[in-house]
Amino acid sequence: MRNGGRIAAAIDVLTDVLNRHQPVKSAARDWGKRARYAGSKDRAWVSGLVLDALRKKNSIGHAMGDDSPRGLILGALAHAWGWNIREIDDAMDEEHAPSKLTLQERERLVMAPDPSAPAHVRGDYPDWLALHLERVFGEEAVIEAQSMAVRADVDLRVNTLKVDAEKAAAPLKSAKAEPSKLLHNAFHIPARDPSEREASLESIPAYSKGWVEVQDAGSQIAAAAANAQPGEQVLDYCAGGGGKTLSLAAQMDGKGQIFAYDIDGRRLSALIPRLKRSGAHNVQLVHPSEPVQLDDLKGQMDLVFVDAPCTGTGTWRRRPDAKWRLKQNQLAKRIEEQTEILSKASEFVKPGGRLVYATCSFLIEEDEDRVAFFLADHPGFAEEDAGEAAIASGLLTDDGAAIVRRYRSPTGSVRLTPRRAGTDGFFFAVLRRRA
């Protein structure tokens with residue numbers, strides 16, 4: 001495909017995303033089925049442009065004076081990809097391209113960003129979240145939000161049950177992976193140009209062998225705060241697809257027992273092939289259909305890890321379409337769920353044991369507020385220094401240790417963001433049950 005046809009396709013895909021409320025992956029897949037002639041590079045180009053238009057939807061719409069799919073896609077070419085008028089003109093002259101630029105579009109495409117635009121426009125977030133971001137970040141709210149409106153890097157966790165970081169390094173060179181600056185047993189792949197196709201990690205033998213797992217560095221640091229020890233009894237209370245479960249298993253060197261529980265059996269089933277690939281043999285799935293029942297574990301766990309369902313604001317770089325679907329009533333629902341989950345999960349912690357609460361959200365309402373509410377209602381627990389717990393795991397580099405100490409709250413919890421740490425947005429706190 002030539003660029004003109006690609007631009008037209010991006011407008012079509014974005015129309016489905018905005019008007020039919022489809023996730024980008026679904027809309028792009030549907031377009032790919034209709035456009036059998038499109039190659040993998042074409043699909044990557046189209047998806048990349050749509051995602052960048054969504055990442056900067058407010059600021060591009062404001063700059064263009066047009067937040068229609070056409071206005072956003074043309075604006076993304078200029079304001080996100082850096083195309084000049086001549087490049088856009090040439091593409092619009094091609095066969096299958098959209099109609100040529102209007103005079104207003106030409107004027108808007110060369111305009112500089114408006115420094116007087118409202119904060120939610122400059123920061124590219126829903127306007128109803130303005131007060132929430134100001135509560136977290138204060139005067140730096142816009143700058144923090146802007147760092148969430150760029151393409152995310154890819155982080156890999158080395159599975160130390162099978163290999164060490166030195167041995168894993170060589171086969172990862174083809175993916176241009178670099179040693180992580182934050183974690184010893186991790187690698188980092190810088191974000192590529194959005195028009196380029198991402199390397200398929202599944203095609204790398206190191207991945208198929210179970211040597212590495214895709215896991216954001218922020219998620220890895222949150223798991224490190226659990227500081228799981230060999231021989232412990234551990235419950236991953238909201239295991240989902242099992243990323244934290246696998247991290248904890250590696251920390252425990254396969255010794256002890258991990259119980260992976262999730263209310264959604266379909267999500268939990270996705271963990272089965274990952275467990276097989278990882279070589280983790282000390283994990284048992286907990287679900288009504290499984291022999292091990294949840295109630296049998298009450299008061300028995302050295303560690304309970306709660307990666308709570310949340311609004312996912314910390315993942316906006318990867319899922320920009322979800323940013324615009326988020327509504328106030330969804331936040332309220334998540335807060336209610338988190339309060340209930342944290343209370344129920346605490347029942348499984350034995351005296352002297354610890355409860356780790358984590359979210360991929362930067363909102364205080366889902367983070368510090370939930371911890372404070374829990375502690376007020378459960379005086380048998382006390383908050384500890386989550387930053388020092390992560391450092392004590394031995395998994396963090398000096399740079400990683402410095403970051404968690406710098407962004408540790410007065411109560412001991414830690415919040416990481418793309419701007420602060422180059423990670424997704426993550427919050428984690430460590431709560432100890434009194435002996």
Side-chain angles (χ1 to χ4, degrees), residues 128-141 144 218-219 221-227 235-238 244 299 301 303-315 326 328-392 403-417 420-421 423-435:
W128 68 268
L129 276 173
L131 293 178
H132 295 275
L133 267 81
E134 289 173 13
R135 185 183 177 201
V136 185
F137 302 119
E139 294 180 352
E140 297 182 334
E144 286 279 357
S219 177
I221 294 172
N227 197 10
L235 171 62
D236 187 355
Y237 190 72
C238 301
K244 301 292 194 310
M301 299 294 105
L303 165 67
V304 176
F305 197 102
V306 178
D307 187 1
C310 65
T311 57
T313 54
T315 65
L326 181 60
Q328 286 178 288
N329 64 333
Q330 292 173 299
L331 172 58
K333 181 180 180 182
R334 288 305 189 199
I335 289 172
E336 183 178 341
E337 292 172 345
Q338 291 154 1
T339 300
E340 181 181 2
I341 286 171
L342 194 49
S343 179
K344 286 185 175 180
S346 70
E347 297 175 6
F348 299 92
V349 183
K350 74 179 187 181
R354 58 208 186 279
L355 173 63
V356 177
Y357 176 73
T359 75
C360 54
S361 168
F362 57 74
L363 299 178
I364 288 178
E365 290 80 5
E366 297 186 272
D367 298 340
E368 290 94 336
D369 283 359
R370 302 281 54 77
V371 172
F373 186 92
F374 171 81
L375 291 174
D377 201 43
H378 296 77
F381 283 80
E383 186 169 3
E384 295 189 339
D385 191 322
E388 291 303 323
I391 293 168
I403 284 176
V404 297
R405 284 179 172 142
R406 180 177 179 183
Y407 295 110
R408 174 179 51 196
S409 76
T411 61
S413 61
V414 175
R415 173 176 287 104
L416 304 175
T417 67
R420 294 174 174 185
T423 67
D424 282 349
F426 266 93
F427 169 90
F428 54 94
V430 176
L431 312 173
R432 176 82 63 175
R433 184 175 180 181
R434 304 182 199 280

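Sequential numbering from 1 along the given sequence is applied to the chain's residues.
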- Task: Taking the side chain as every heavy atom from C-beta outward, state whether L342 and L355 have any atom pair closer than 4.5 Å.
- Result: yes
- Stepwise, does the side chain to side chain contact (heavy atoms under 4.5 Å, CB included) test hold for V371 with L431? CA-CA 9 Å; V371 172; L431 312 173; 3.9 Å; yes
- Message: Rounded at 0.5 Å granularity, tell me how far OH in Y357 sits from CZ in F427.
- Response: 7.5 Å
- Ion pair check, D307 and K244, cut-off under 4.0 Å: yes
- Note on the structure: When every non-hydrogen atom of A392 is compared with those of N227, the smallest separation belongs to CB-ND2, 3.8 Å
- Message: How long is the straight-line distance from OG1 of T411 back to CD of E384, given to the nearest 0.5 Å?
- Response: 12.0 Å
- Query: Is the shortest side-chain N to carboxylate O distance from D385 to R405 below 4.0 Å?
  - Reply: no
- Should E340 and K344 count as an ion pair when the cut-off is N to O under 4.0 Å? yes
- Item | Sidechain-backbone polar pair: R420 side chain, R406 backbone, donor-acceptor under 3.5 Å | no
- Task: Would you sort out whether V404 and E388 count as a side chain to side chain contact (heavy atoms under 4.5 Å, CB included), showing the intermediate values?
- Result: CA-CA 8 Å; V404 297; E388 291 303 323; over 6 Å; no
- Non-hydrogen atoms of P309 and R334 that approach each other most closely: CB-NH1, 3.8 Å
- Message: Nearest 0.5 Å, please: how far is CD in Q338 from NZ in K333?
- Response: 12.0 Å
- Query: Step by step, would you call S413 with F428 a side chain to side chain contact (heavy atoms under 4.5 Å, CB included)?
  - Reply: CA-CA 6 Å; S413 61; F428 54 94; over 6 Å; no
- Task: Could you grab the distance from atom CG of L363 to atom CG of D369, nearest 0.5 Å is fine?
- Result: 10.0 Å
- Item | R432/E383 salt bridge by N-O under 4.0 Å criterion | no
- Query: Which heavy atom in F305 sits nearest to a heavy atom in A222, and how many Å separate them?
  - Reply: CE1-O, 3.6 Å
- Is there side-chain contact between H132 and I364, with heavy atoms separated by less than 4.5 Å? no
- Message: Show, in sequence, the C-alpha distance, side-chain angles and deciding distance for C360 and C310, and conclude whether the side chain to side chain contact (heavy atoms under 4.5 Å, CB included) test is met.
- Response: CA-CA 7 Å; C360 54; C310 65; 3.4 Å; yes
- Item | Validation row: L303, L235 side chains within 4.5 angstrom (heavy atoms) | no
- Query: In chain order, what residues pass the ring pair (Phe, Tyr, Trp, His ring centres under 6.0 Å) check against F374, with sequence neighbours excluded?
  - Reply: H378, F381
- For I403, does its backbone N or O pair with a side-chain atom of R408 as donor and acceptor, under 3.5 Å? no
- Message: Could you check whether R135 pairs with E365 (Lys NZ or Arg NE/NH1/NH2 to Asp/Glu carboxylate O, under 4.0 Å)?
- Response: yes
- When you check the side-chain N and O atoms of D367 and T359, is any donor under 3.5 Å from an acceptor? yes
- Item | Distance-minimising heavy-atom pair for L416 and G218 | CD1-CA, 4.1 Å
- Spatial distance of atom CD (E144) from atom CD (E134) [nearest 0.5 Å]: 13.5 Å
- For the atom pair CG (D424) and OG1 (T315), what is the distance rounded to the nearest 0.5 Å? 6.5 Å
- Closest non-hydrogen atom pair, A225 against A389: O-CB, 3.4 Å
- Residues, nucleotides or ligands: over 12 heavy atoms within 6.0 Å of F373 CZ: no
- Query: Do F362 and F137 make the cut of ring centroids closer than 6.0 angstrom?
  - Reply: yes
- Query: Quick one: are V304 and V356 in side-chain contact, heavy atoms under 4.5 Å?
  - Reply: no
- Got a donor-acceptor contact below 3.5 angstrom from the S343 side chain to the T339 backbone? no
- Message: Is a donor from one side chain sitting under 3.5 angstrom from an acceptor on the other, for R415 and S409?
- Response: no
